[in-house]
Peer 1: 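Supplied in structure tokens, the structure appears directly below.
None of these values were measured; they are calculated from a predicted model. Naming convention: chains lettered A, B, ... in sequence-line order (proteins, then strands); numbering from 1 in each chain.
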Amino acid sequence: MAYEPSEGLYAGAAFLPTVELMNAKTDPAVFDSLYAKILQNLQGNNVLDAAGNVTKNGMISAIQLPNDAAKKKVYADMAAAISAVLGTRKDVNPGIPARVYLTGNKWHKDVEKFKINAYGMADYNSSDVILFFPPKTYVGISLKKKPMTTAASPTLINNAFSKFIEGPNLTQVRSQLNDHRIKFFAGVIKEACVPGGPLQGIASTKKDIAKLNPNNIQDAKLLWDMKVDRQKGNKIEKIALINLKGENELSRDGLIKKAQAAPSQMSFRNFVNDKLKSTGGRLNPLYSGFLEIMNKPAVSNTLADALLTRVLKLNLLDELNTWKQAEFGFFLTEGVGTVDNNLKPSIGNANMVNIHSVMIAMATLSKQPARMELDKQKTFARDAAKVFFTLYKGKTPVLEIELRYKGSFTAMPQFFAGITPEFKKLIRSGF
DNA sequence: AGCACTAACGCAACCCGGAT
DNA sequence: ATCCGGGTTGCGTTAGTGCT
């Protein structure tokens with residue numbers, strides 16, 4: 001992973017006295033002075049990484065200040081990190097931890113026992129840092145950041161659609177979905193390549209494109225399998241045509257027929273994204289295929305529960321078998337902070353969600369059936385190449401979920417999930 | 001030809017960030 | 001504020017290579 005500066009800054013700030021952190025909220029000079037202390041703490045012996053210190057060194061280099069632009073970014077992250085540490089002091093433990101473990105790559109042997117491979121996630125325990133309070137209390141912090149209290153919360157996870165239709169009993173479902181998306185994109189490719197389309201005349205198949213029928217799977221595969229040469233730096237690479245962004249990316253040698261190609265008015269990527277929009281109150285045909293799969297009993301019975309388990313870490317504490325040796329707490333932590341152009345900090349109250357509270361809130365809903373419902377309002381009210389769902393437990397909306405492509409159309413789209421305001425309220429009332 | 005090993009590739013999952 | 005892609009890493013699959 002690229003090293004997330006806020007995590008290293010959090011680790012370093014975790015050792016600062018509360019009063020200094022509080023003063024930094026209102027005094028830019030104090031705030032500025034904390035940078036050196038945080039860096040020193042991060043470099044010190046109480047921030048631990050696995051042998052080799054790959055993560056620790058990565059963090060240290062991620063928070064260097066080679067220029068003003070870097071400084072602004074790092075300081076903004078420092079504001080969010082300070083917010084998160086203050087939140088930790090308030091809601092987890094008012095003291096200073098004896099040690100902080102970084103979990104970016106390999107986990108230190110002291111905390112390796114908390115690493116859990118479960119529910120299709122190598123790190124089901126998604127702690128970014130783990131605090132240690134002697135004699136035997138460990139607290140995992142999953143750290144997120146946002147600039148202002150009013151800013152949208154970052155999504156908790158993204159998971160590819162394909163992760164929810166794995167296994168031997170869903171072979172048919174997978175191949176049905178595959179055919180559906182191949183036919184859909186084949187239609188897009190054909191429309192782009194025939195006269196009037198944005199890629200007219202740039203590629204060919206062994207058959208005349210105009211005569212291919214995208215609804216016939218053999219023809220569709222010919223279109224789907226089309227490759228083009230993309231020039232990237234000095235290299236020319238073959239990529240799936242559907243992933244081309246625009247004619248400008250093509251290697252000149254890759255042009256099959258440039259002569260009569262009209263200059264495209266719209267890049268191919270925009271053309272494809274337009275085809276993924278739901279317009280006129282009608283769900284986009286590609287996504288409606290995905291929705292159909294989601295509604296199949298074999299899928300729907302597990303999809304919602306799998307999302308809940310993964311996003312909310314509902315089984316994290318149950319999966320641990322370390323209770324005789326150690327206490328383990330887990331908090332979803334959202335530091336709120338940024339700096340202005342003069343590096344003056346604005347540090348808000350962090351949002352701290354205790355996994356215990358999530359579990360209690362979910363327990364009150366445990367008997368209610370989970371289901372995914374298309375969020376028509378969000379899906380149709382905007383002009384975007386994606387669809388929105390709400391995951392309900394009974395009548396309570398628990399997760400807000402977005403399904404969209406992310407850079408590649410040959411890969412599966414991904415779910416992006418966050419907690420609904422309603423469920424946040426329920427979590428808080430559980431105290 | 002058939003097999004074993006390796007290199008290359010593609011996809012998913014982390015982290016958001018740039019563009020508009 | 002919203003949209004949608006980037007960088008990076010790791011893993012699983014496929015393609016390629018060399019050996020018997």
Peer 1: Is A/Thr410 close enough to B/dC11 that one of its side-chain N or O atoms is under 4.0 Å from OP1 or OP2 there?
Peer 2: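 It does, given that an N or O in the side chain of A/Thr410 lies less than 4.0 Å from OP1 or OP2 of B/dC11.
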
Peer 1: Just call it for A/Ala152: base, sugar-phosphate, or nothing, with non-hydrogen atoms closer than 4.0 Å on any strand.
Peer 2: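 Since no nucleic acid heavy atom lies under 4.0 Å of A/Ala152, the category is nothing.
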
Peer 1: Hey, does A/Lys378 reach any base, or is it just sugar-phosphate, or nothing, if we go heavy atoms under 4.0 Å?
Peer 2: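 Answer is nothing: A/Lys378 stays at 4.0 Å or more from every strand.
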
Peer 1: Taking the six-membered ring of A/Tyr392 (Phe, Tyr or Trp), confirm whether the NZ or CZ of A/Arg371 is under 6.0 Å from its centre and within 45° of its axis.
Peer 2: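 So A/Arg371 does make the cation-pi contact.
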
Peer 1: Find which nucleotide of DNA chain B each of A/Lys144 and A/Lys73 is nearest to by heavy atoms, and output the residue with the more 5' nucleotide.
Peer 2: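 Its nucleotide being nearer the 5' end, the pick is A/Lys144.
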
Peer 1: Provide, to the nearest angstrom, the distance between the NZ atom belonging to A/Lys245 and the C1' atom belonging to C/dG6.
Peer 2: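 Nearest whole value for this atom pair: 8 Å.
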
Peer 1: Side-chain N or O of A/Ser126 less than 4.0 angstrom from OP1 or OP2 on B/dC14?
Peer 2: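 Result: no.
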
Peer 1: Expressed as a whole number of angstroms, how long is the span from A/Lys406:NZ to C/dG6:P?
Peer 2: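 Value for this atom pair: 8 Å.
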
Peer 1: Has A/Arg269 got a side-chain N or O lying under 4.0 Å from the OP1 or OP2 atom of C/dC4?
Peer 2: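 No, no such contact exists.
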
Peer 1: Verify whether one side chain among A/Glu319 and A/Tyr119 offers a donor that lies under 3.5 Å from an acceptor in the other.
Peer 2: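 Side-chain D/A pair, A/Glu319 to A/Tyr119: present.
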
Peer 1: Please evaluate residues A/Asp274 and A/Lys277 with respect to the criterion salt bridge (Lys or Arg N to Asp or Glu O under 4.0 Å), reporting the C-alpha separation (whole Å), side-chain torsions for both, the decisive distance (0.1 Å), and the verdict.
Peer 2: CA-CA 5 Å; A/Asp274 272 358; A/Lys277 293 176 179 174; 2.9 Å; yes

Peer 1: Just wondering, are more than 12 heavy atoms of other shown residues or ligands nearer than 6.0 Å to CD in A/Gln40?
Peer 2: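 Open.
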
Peer 1: Quick check for you: among B/dA12, C/dG6, B/dC16, whose closest atom lies nearest to any side-chain atom of A/Glu4?
Peer 2: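 Side chain of A/Glu4 sits closest to B/dC16.
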
Peer 1: With A/Lys71 as the cation and A/Tyr35 as the aromatic partner, state whether NZ or CZ is under 6.0 Å from the six-membered ring centre and within 45° of the axis.
Peer 2: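 No, A/Lys71 does not sit over the ring of A/Tyr35.
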
Peer 1: Could you check which of B/dA13, C/dC4, B/dC16 has an atom nearest any side-chain atom of A/Lys163?
Peer 2: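 Nearest to the side-chain atoms of A/Lys163, counting from C-beta on, is B/dA13.
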
Peer 1: Using a 4.0 Å heavy-atom cut-off across all strands, classify A/Arg404 as base, sugar-phosphate, or nothing.
Peer 2: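 Touches a base.
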
Peer 1: B/dG10 P sits how many Å from A/Trp224 CH2, rounded?
Peer 2: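 The distance from CH2 of A/Trp224 to P of B/dG10 comes to 12 Å, rounded to the nearest Å.
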
Peer 1: Send over the distance from A/Lys238 NZ to B/dA8 P, rounded to a whole Å.
Peer 2: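 Distance, rounded to whole Å: 18 Å.
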
Peer 1: Using modelled atom types only, decide if a donor and an acceptor are shared between the side chain of A/Asn284 and the backbone of A/Ser278 within a distance under 3.5 Å.
Peer 2: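 It does not hold such a pair.
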
Peer 1: Hey, is the side chain of A/Arg382 poking within less than 4.0 Å of OP1 or OP2 on C/dT2, counting only N and O atoms?
Peer 2: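 Checking C/dT2 against A/Arg382, no side-chain N or O comes under 4.0 Å of OP1 or OP2.
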
Peer 1: Report the distance from atom CG of A/Asp383 to atom P of C/dC3, rounded to the nearest whole Å.
Peer 2: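 After rounding, the reported distance stands at 9 Å.
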
Peer 1: Using atom CD of A/Glu166 as one end and atom C1' of B/dC11 as the other, report the distance to the nearest whole Å.
Peer 2: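 Between C1' of B/dC11 and CD of A/Glu166: 12 Å.
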
Peer 1: How is A/Asn273 classified with respect to the nucleic acid when contacts are heavy atoms under 4.0 Å: base, sugar-phosphate, or nothing?
Peer 2: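 Contact class for A/Asn273: sugar-phosphate only.
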
Peer 1: Just to be sure I understand the rule, does A/Asp123 reach a base, reach only the sugar-phosphate, or reach nothing, if contact means heavy atoms closer than 4.0 Å?
Peer 2: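 The answer is nothing, as A/Asp123 stays clear of every strand by at least 4.0 Å.
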
Peer 1: Send over the distance from A/Ile165 CD1 to B/dC11 C1', rounded to a whole Å.
Peer 2: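 After rounding, the reported distance stands at 14 Å.
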
Peer 1: In whole angstrom, what separates A/Lys146's NZ from C/dA1's C1'?
Peer 2: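 Nearest whole value for this atom pair: 14 Å.
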
Peer 1: Output yes when at least one side-chain N/O atom of A/Lys386 is less than 4.0 Å from OP1 or OP2 of C/dC3, else no.
Peer 2: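 For C/dC3, OP1/OP2 do have a side-chain N/O of A/Lys386 under 4.0 Å.
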
